[in-house]
2 protein chains.
Amino acid sequence: MTATQDQKLGAADIAALVRREISKGNLQLHDRLPPERVLAETYGAARGTIRKALTRLEQEGYVEIRAGSGTYVAHKPDRSTTDAIENATPLELMDTRFALEPHVCRLAVLHGRHTDFDRMEELCTRMEACTEDPVAFSEADTEFHRALADSTRNGLLIWIIDQIGNVRSEDDWTRMRHLTLDAQTIRTYNVQHRQIMNAIRTREPERAANIMKEHLETARLSLTRASET
Amino acid sequence: MTATQDQKLGAADIAALVRREISKGNLQLHDRLPPERVLAETYGAARGTIRKALTRLEQEGYVEIRAGSGTYVAHKPDRSTTDAIENATPLELMDTRFALEPHVCRLAVLHGRHTDFDRMEELCTRMEACTEDPVAFSEADTEFHRALADSTRNGLLIWIIDQIGNVRSEDDWTRMRHLTLDAQTIRTYNVQHRQIMNAIRTREPERAANIMKEHLETARLSLTRASET
DNA sequence: TCATTTTGGTATATTTTTGGACTATTCGAG
DNA sequence: CTCGAATAGTCCAAAAATATACCAAAATGA
């Protein structure tokens, strides 16, 4: 498709091409781009031209030129990706889960299979053995919600839920969350998880979604309760 | 184009290859990668080169090198944003919107401001002038749903909706979608958009959410109708 | 337990690659 | 024509890659 026009490409053009490749992500951070002599051939330009282009890109901060070594990408493609997720506040996260997970329950009823449900109930059992261990419970809980997402067979949803789960596990406020996870709260969660499973097994999408809403409401309450202390 | 040239690969190149394998998930956590001497042969490089690459990856935290034992992956697969989103099917996308957007409406009622609503109604007006121009309508429509997300003030949700919007505009099946966008369908959408706006303005979260569900159901119908032809 | 093998760690001399610098020439638009 | 840009060629020094050898820690198996 990219009919390499054997038109004459100036230094500015080549700089633009490489800049675009970097922004696009085809060339990632730390990647080494081909030697000047090779670039000269592939772009059909003289080495001096390539050199001008690269020098310019270096001044712009897109690449780093190391003598005797090579030219390396020194620019992160697009930071918006991780930023939005990593900078999300606990409340933003809760709202997002509120949007996603009830519907995930409905889809689980539609697309889930027995093996999915078996796995989820296995996780329920594991969580029920963790009433005294908030950390272990939290891990199993994340896995449970991930397994629920898996059962939808929707790659996009699975990915989103997975991302949210990663934030939950990484952040500082996870510790805070563990503080709120007393044995009583864990027992409440466990009951709700079982109820959700039952509703999914009996193919009642709306009931499953509603219990999930309750579940998330419970979680939100303990969250706000924790942030008040 | 991905012709693995048996050209000489530098340490930086090899590091990049392995880094990608890990980010991609082909090499998972705790996996042991082949001995340096084997890697040297498979990559057609000297052992010293491999070693430099691995040392670098260790400093970056991608692998852990244990003397006498081997080199092990020590990094979770990268959240590859684009893959999950770009490979999403139209139906997966619809299901995800079904999960998100009704709740977005509820949050818009809670957190939205007048200026947000003004902007959305401006977009409504723009869409109503596009009954004969599917492409222009589609653009405005994406902007509308994006503006709706903006009004939630939830950075995470905004980002997700934004990503989904990008897919909608890029893909091939967008063309197909344009085929289904006859003047009648567009008029239906416009009515629904106005209804959603009214419900939000009058602070009726559930009503807004329900109309959004209807709206998405309409969209899903025209989608399945299109895929049957 | 103990010997063997495997694997990473280190060192070094040598060759190849790569960017840096300089120059004379060619090309094209104003 | 002139001037700026691109070209083509050369040489240099730094960096990287190679090839080889030997060591020590870990894994393996009898």
Side-chain angles (χ1 to χ4, degrees), chain A residues 3-22 26-75, chain B residues 3-22 26-75:
Chain A
T4 33
Q5 19 181 348
D6 38 351
Q7 289 287 345
K8 328 163 188 180
L9 293 174
D13 303 310
I14 294 170
L17 287 176
V18 176
R19 203 184 296 113
R20 198 177 158 198
E21 287 298 304
I22 293 174
N26 289 1
L27 288 172
Q28 293 185 355
L29 192 66
H30 296 145
D31 279 6
R32 192 186 72 172
L33 36 94
E36 292 175 352
R37 292 166 174 92
V38 175
L39 286 175
E41 194 176 353
T42 57
Y43 282 116
R47 199 184 146 208
T49 310
I50 301 292
R51 170 159 274 274
K52 274 191 181 177
L54 293 182
T55 305
R56 185 162 170 181
L57 286 177
E58 185 182 36
Q59 288 168 343
E60 293 175 13
Y62 278 90
V63 300
E64 179 191 350
I65 305 179
R66 285 204 283 270
S69 173
T71 307
Y72 299 83
V73 176
H75 193 79
Chain B
T4 35
Q5 17 181 346
D6 45 345
Q7 288 294 336
K8 317 163 187 182
L9 295 172
D13 302 312
I14 294 169
L17 287 176
V18 177
R19 205 185 292 114
R20 279 185 161 79
E21 288 297 304
I22 294 174
N26 291 1
L27 287 172
Q28 292 189 350
L29 196 64
H30 299 141
D31 279 3
R32 194 187 82 171
L33 35 94
E36 292 174 352
R37 292 165 174 90
V38 176
L39 286 175
E41 194 176 356
T42 58
Y43 282 116
R47 198 184 145 210
T49 310
I50 301 291
R51 169 157 274 273
K52 274 192 181 176
L54 293 182
T55 305
R56 179 122 185 223
L57 287 176
E58 185 182 37
Q59 288 169 342
E60 293 176 14
Y62 279 90
V63 300
E64 180 192 350
I65 304 179
R66 285 203 283 269
S69 174
T71 306
Y72 300 83
V73 176
H75 196 75

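Lettering of chains follows the sequences in order, A, B, ..., and the numbering in each one begins at 1.
- Residue A:Ala45 is the one, among A:Ala45 and A:Arg32, whose nearest nucleotide of DNA chain D lies closer to the 5' end (criterion: closest heavy atom).
- Sorted by residue number, the members of residues 46-59 of chain B with any non-hydrogen atom under 4.0 Å from DNA chain C read B:Arg47, B:Arg51.
- The separation between B:Arg37 atom CZ and C:dG9 atom P is 11 Å, rounded to whole Å.
- Listed by chain and number, the residues in a side chain to side chain donor-acceptor pair (under 3.5 Å) with A:Thr55 amount to none (sequence neighbours excluded).
- Applying the side chain to side chain donor-acceptor pair (under 3.5 Å) test to A:Arg66 and every residue at least two apart in sequence or in another chain returns A:Glu64.
- Of the residues in residues 64-72 of chain B, those placing a heavy atom less than 4.0 Å from an atom of DNA chain C are B:Ile65, B:Arg66, B:Ala67, B:Gly68, B:Ser69, B:Gly70, B:Thr71, in numerical order.
- Atom CD in A:Glu36 sits roughly 15 Å away from atom C1' in D:dT10 (whole-Å rounding).
- Rounding to whole angstrom units, CG of residue B:Leu9 and P of C:dT18 are separated by 11 Å.
- Under the rule for a side chain to side chain contact (heavy atoms under 4.5 Å, CB included), B:Leu29 has no partner lying at least two apart in sequence or in another chain.
- In this structure, B:Arg20 CZ and B:Tyr62 OH are separated by 10.0 Å, a value rounded to the nearest 0.5 Å.
- A straight line from CD of B:Glu41 to P of D:dT20 spans 14 Å, rounded to a whole angstrom.
- Every residue two or more places apart in sequence or in another chain was checked for a salt bridge (Lys or Arg N to Asp or Glu O under 4.0 Å) with B:Arg32, and none qualifies.
- Listed by chain and residue number, A:Glu36 satisfy the side chain to side chain donor-acceptor pair (under 3.5 Å) test with A:Arg47 (two or more places apart in sequence, or in another chain).
- For B:Glu58, there are no side chain to side chain donor-acceptor pair (under 3.5 Å) partners two or more places apart in sequence or in a different chain.
- Distance CD1 (B:Ile14) to P (D:dT18): 7 Å, rounded to an integer number of Å.
- Residues satisfying the ring-ring contact (aromatic ring centres under 6.0 Å, His included) criterion with A:Tyr72, sequence neighbours excluded, are absent altogether.
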